[in-house]
Amino acid sequence: MWTPARLQEVVKTKLADRLFVVVSNREPYIHRYAEETVVCDSPRSGLVVALDPVMQSCGGVWVAHGSGPADRDVVDSADHIEVPPEDPKYTLRRVWLSKEEEDGYYYGCSNEALWPLCHIAYTRPKFDESDWEMYRKVNEKFAAAIADEIGDRSAFVFIQDYHYALLPRFLKERCPNVVTAHFWHIPWPNAEAFRIFPWKEELLQGMLYNDLLGFHILYHCQNFLETVDRTMECLIDREQSTVTVGGKSTLVRPFPISVDFEGISQAADTPECAAEMKRLRKHFGLKTEFIGVGVDRLDYTKGIPERLMAIDRFLEKYPAYRKRFTFLQIAVPSRTHIDTYKEIDQRVFELTEEINWKHGEGAWRPIVLERQSHPPHALRALYRLANVCVVTSLHDGMNLVAKEFVAARTDEDGVLVLSQFTGASRELTDAILVNPFAVDQMASALAEALAMPEPDRKKRMAKLRDQVRFNNIYRWAGKALSTLFRFEFVEA
Ligand code: ADQ
């Protein structure tokens with residue numbers, strides 16, 4: 001079983017005196033102003049939960065975009081701040097981006113081109129030469145910052161996500177004595193879909209400077225190999241899962257990301273969580289016998305309109321659930337500068353209004369829509385009070401909400417309705433798996449979930465919990481990093 005202690009031990013032993021560098025767009029610690037003072041927040045994403053303890057025990061440098069309003073005021077002359085602020089253990093190096101750079105690299109190329117391209121959720125990607133140039137420029141900027149941190153030391157660099165496809169190349173050109181792993185948090189589409197990307201050779205060449213390239217599932221690895229095969233001159237060894245270009249090989253492997261199972265379970269099994277459940281029930285006016293929840297970023301890949309339409313159909317087909325079922329949708333606005341995100345926000349709002357108008361009776365409304373972020377303790381309480389958690393992504397690399405729901409259910413109750421197009425569906429086979437494009441099928445799945453007898457619910461949830469307990473976030477980081485640490489350094 002992978003635990004934080006085992007992960008720390010592996011990293012400490014294998015890393016020896018080499019520098020460890022993590023690179024991500026989002027920072028693990030963000031500074032903002034609160035009245036007269038500056039406060040520090042730590043967004044607890046899966047990545048931060050897994051890698052912050054490793055960094056804390058082994059030291060090293062985390063390089064990220066300095067995006068907090070007070071970030072510049074707290075760094076030293078080298079753009080460093082030691083974190084965590086209350087007991088510093090490692091260095092956060094902030095990279096500053098102009099509005100123009102952020103627009104082109106983050107909103108443009110990463111989120112209007114690569115995100116829809118990789119998800120195939122029928123939102124057309126937007127390809128803009130100037131965004132691509134900005135993406136290239138920002139990748140170079142990050143490479144320069146990392147090279148600056150490394151100097152002439154040997155370093156292992158762990159790169160996160162689709163914002164940095166060109167970074168491995170720029171970095172290795174500057175520092176040949178680094179070994180890099182790159183984890184791609186979103187799906188890799190099939191070769192047919194990818195071939196429309198106008199700068200595909202350059203993007204793939206950049207990625208193939210990595211020693212190790214990780215995706216969530218084997219299917220994405222296979223899609224990647226097929227894409228490379230169709231796009232460039234290379235040698236592919238499908239047995240070993242390697243690509244060789246110009247004598248340099250990249251190992252391509254699946255590492256399914258997960259959640260801190262024990263941490264979530266322990267926190268969900270407390271009187272504080274029970275009190276929070278009570279508070280939230282009252283706050284959202286949840287008075288019905290059955291409660292469903294959905295928790296997502298407001299993103300067109302998450303299938304929120306499809307989910308709401310399924311609830312509409314469910315209430316039409318199973319009128320006995322009228323006034324007995326409430327669905328709480330927690331949706332945090334995301335990437336709000338992009339038009340398609342404004343449109344999905346509007347669509348979700350309008351559909352909720354329509355469905356509530358159509359089915360609502362007296363004080364009862366079938367859907368409660370909450371468009372804002374909630375802290376982890378509130379999400380845990382919501383997961384606990386749900387009879388059913390509904391995850392209906394049209395396509396999703398993994399989907400951590402599904403795993404968080406399972407981790408929170410120490411009572412071994414509750415049913416997970418899960419899209420078959422999430423990476424999570426490969427592991428969570430005891431969920432009710434659905435096709436989110438098939439509204440009627442989803443309506444039936446909801447009915448099946450709510451009518452499921454208690455022994456069946458418990459049996460399924462126990463199996464789901466075993467799965468997430470074993471394949472926890474520490475296993476993800478442990479497997480990826482142990483594979484990375486096996487690579488030899490090239491002597492300069
Ligand atoms: P996301 O697309 O963001 O991640 P997901 O994996 O579900 O999707 O993670 C979302 C996280 O945000 C969860 O931890 C969830 O609790 C949190 N969250 C969602 N809505 C929230 C709200 N209203 N308030 C507070 N927190 C909220 C990308 C990929 C995924 C992949 C992850 C990790 O798209 O497929 O699983 O990275 O690799």
Side-chain angles (χ1 to χ4, degrees), residues 24-26 41-51 110-111 114-121 158-163 182-189 214-217 219-220 254-261 263-264 267-268 280 284 293-304 307 328-336 341 344-345 348 368-384 386 389-408 416 418-419 421-428 468 471-473 476-477 480:
S24 65
N25 177 65
R26 288 204 73 192
D41 298 324
S42 180
R44 297 276 100 186
S45 64
L47 181 70
V48 174
V49 166
L51 294 179
S110 298
N111 288 319
L114 286 169
W115 177 269
L117 177 75
C118 288
H119 279 92
I120 329 178
F158 192 19
I159 305 164
Q160 307 301 319
D161 241 336
Y162 58 101
H163 311 86
H182 192 162
F183 189 76
W184 197 261
H185 287 256
I186 62 176
W188 190 275
F215 294 95
H216 290 297
I217 58 172
Y219 178 57
H220 301 154
F255 300 102
I257 204 166
S258 192
V259 296
D260 176 12
F261 179 87
I264 297 176
L280 289 170
F284 289 116
V293 298
V295 175
D296 309 78
R297 280 186 307 103
L298 250 170
D299 192 296
Y300 52 82
T301 61
K302 302 295 178 185
I304 305 171
R307 186 181 311 168
L328 174 62
Q329 175 63 54
I330 307 283
V332 58
S334 171
R335 306 172 192 169
T336 44
Y341 284 78
I344 193 75
D345 188 1
V348 166
V368 176
L369 174 63
E370 169 84 351
R371 288 170 60 262
Q372 68 177 49
S373 178
H374 282 260
H377 74 271
L379 293 186
R380 285 192 296 267
L382 289 174
Y383 294 140
R384 283 301 288 250
C389 175
V390 187
V391 174
T392 53
S393 309
L394 306 179
H395 199 182
D396 214 328
M398 176 54 66
N399 192 283
L400 294 178
V401 168
K403 293 187 173 181
E404 288 166 4
F405 172 66
V406 168
L416 176 63
L418 177 63
S419 160
F421 306 128
T422 57
S425 70
R426 309 290 166 119
E427 296 167 66
L428 304 182
V468 184
N471 281 316
N472 59 31
I473 184 71
W476 171 78

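Atoms within a ligand are numbered from 1 in the order they appear, just like the ligands themselves. What you see below is based on every heavy atom in this structure, not just the backbone, and it leaves out hydrogens, waters and symmetry mates.
One distance of note links CZ of Phe255 with CZ of Phe215; it measures 11.0 Å at 0.5 Å rounding. Atom CG of Leu379 sits about 6.5 Å away from atom CD of Glu404, to the nearest 0.5 Å. Residue Ile159 holds its CD1 atom at 11.0 Å from CH2 of Trp184, rounded to the nearest 0.5 Å.
Looking at Ile257 and His185, their side chains come closer than 4.5 Å, going by heavy atoms from C-beta outward. In this structure the side chain of Lys403 reaches within 4.5 angstrom of the side chain of Leu428, judged on heavy atoms. Between Asp296 and Arg307, some side-chain heavy-atom pair lies under the 4.5 Å cut-off. You'll find the side chain of Leu328 reaches within 4.5 Å of the side chain of Ile330, heavy atoms only.
Closest to atom 30 (C) of ligand 1 by heavy atom, among Val49, Val259, Asp396, Val332, is Asp396.
Counting non-hydrogen atoms of neighbouring residues, nucleotides and ligands closer than 6.0 angstrom, the OH atom of Tyr219 reaches no more than 12 such neighbours. For CZ of Arg26, the number of neighbouring non-hydrogen atoms (other residues, nucleotides, ligands) closer than 6.0 Å is 12 at most.
Although no hydrogens or angles enter the test, the distance criterion places no donor-acceptor pair under 3.5 Å between the side chain of Arg380 and the main chain of Ile264. Distance alone, capped at 3.5 Å, places no donor-acceptor pair between the Trp476 side chain and the Pro256 backbone.
In this structure, atom 17 (C) of ligand 1 is not in close contact with the protein, since no protein heavy atom lies within 4.0 Å of it. The protein does not reach atom 4 (O) of ligand 1 closely, with no heavy atom under 4.0 angstrom from it. Atom 21 (C) of ligand 1 is flagged as protein-proximal [any protein heavy atom, distance under 4.0 Å]. Atom 38 (O) of ligand 1 is approached by the protein to below 4.0 angstrom, counting heavy atoms only.
Between Gly397 and ligand 1, at least one pair of N/O atoms sits closer than 3.5 Å. For a threshold of 3.5 Å applied to N or O pairs, the pair formed by His119 and ligand 1 contains no separation below that value. Ligand 1 has a nitrogen or oxygen under 3.5 angstrom from a nitrogen or oxygen of Arg297. Geometrically, ligand 1 and Leu400 share a nitrogen or oxygen pair separated by less than 3.5 Å. Residue Val295 places no N or O, backbone or side chain, under 3.5 Å from any N or O of ligand 1.
For atom 25 (C) of ligand 1, the closest non-hydrogen atom on the protein side is His374 O, 3.0 Å. Closest protein heavy atom to atom 26 (N) of ligand 1: Leu379 CD1, 3.5 Å. The protein non-hydrogen atom at the shortest distance from atom 8 (O) of ligand 1 is Lys302 NZ, 3.0 Å. For atom 28 (C) of ligand 1, the closest non-hydrogen atom of the protein is His185 O, 4.5 Å.
The proximity of Phe255 to ligand 1, defined as any non-hydrogen pair under 4.0 Å, does not occur for either the backbone or the side chain. Of the heavy atoms in Asp299, none comes closer than 4.0 Å to ligand 1. Contact annotation for Asn399 and ligand 1: heavy atoms of both the backbone and the side chain come within less than 4.0 Å of the ligand.
Ligand 1 places these atoms under 4.0 Å from at least one heavy atom of Ile257: 33 (C), 38 (O). Each of the following atoms of ligand 1 lies closer than 4.0 Å to a heavy atom of Glu404: 13 (C), 14 (O), 15 (C), 16 (O). Close approach to Gln372 involves these atoms of ligand 1, each under 4.0 Å from a residue heavy atom: 23 (N). Short contacts between ligand 1 and Ser373, defined as distances under 4.0 Å to a heavy atom of the residue, involve ligand atoms 22 (C), 23 (N), 24 (N), 25 (C). Below 4.0 Å from some heavy atom of Val401 lie the following atoms of ligand 1, by number and element: 7 (O), 15 (C). Every atom of ligand 1 is numbered from 1 in the order shown, and the set under 4.0 Å from a heavy atom of Ile330 is 23 (N). The His216 neighbourhood of ligand 1 comprises atoms 31 (C), 38 (O), with distances under 4.0 Å to a heavy atom of that residue.
Asn25 and Tyr162 share no donor-acceptor pair across their side chains, judged by distance under 3.5 Å alone.
Judged by the shortest distance from any of its heavy atoms, Glu370 lies outside the 4.0 Å radius around the atoms of ligand 1.
Contact record, Tyr341 with Tyr300: CE1-CE2, 3.5 Å, taken as the closest heavy-atom pair.
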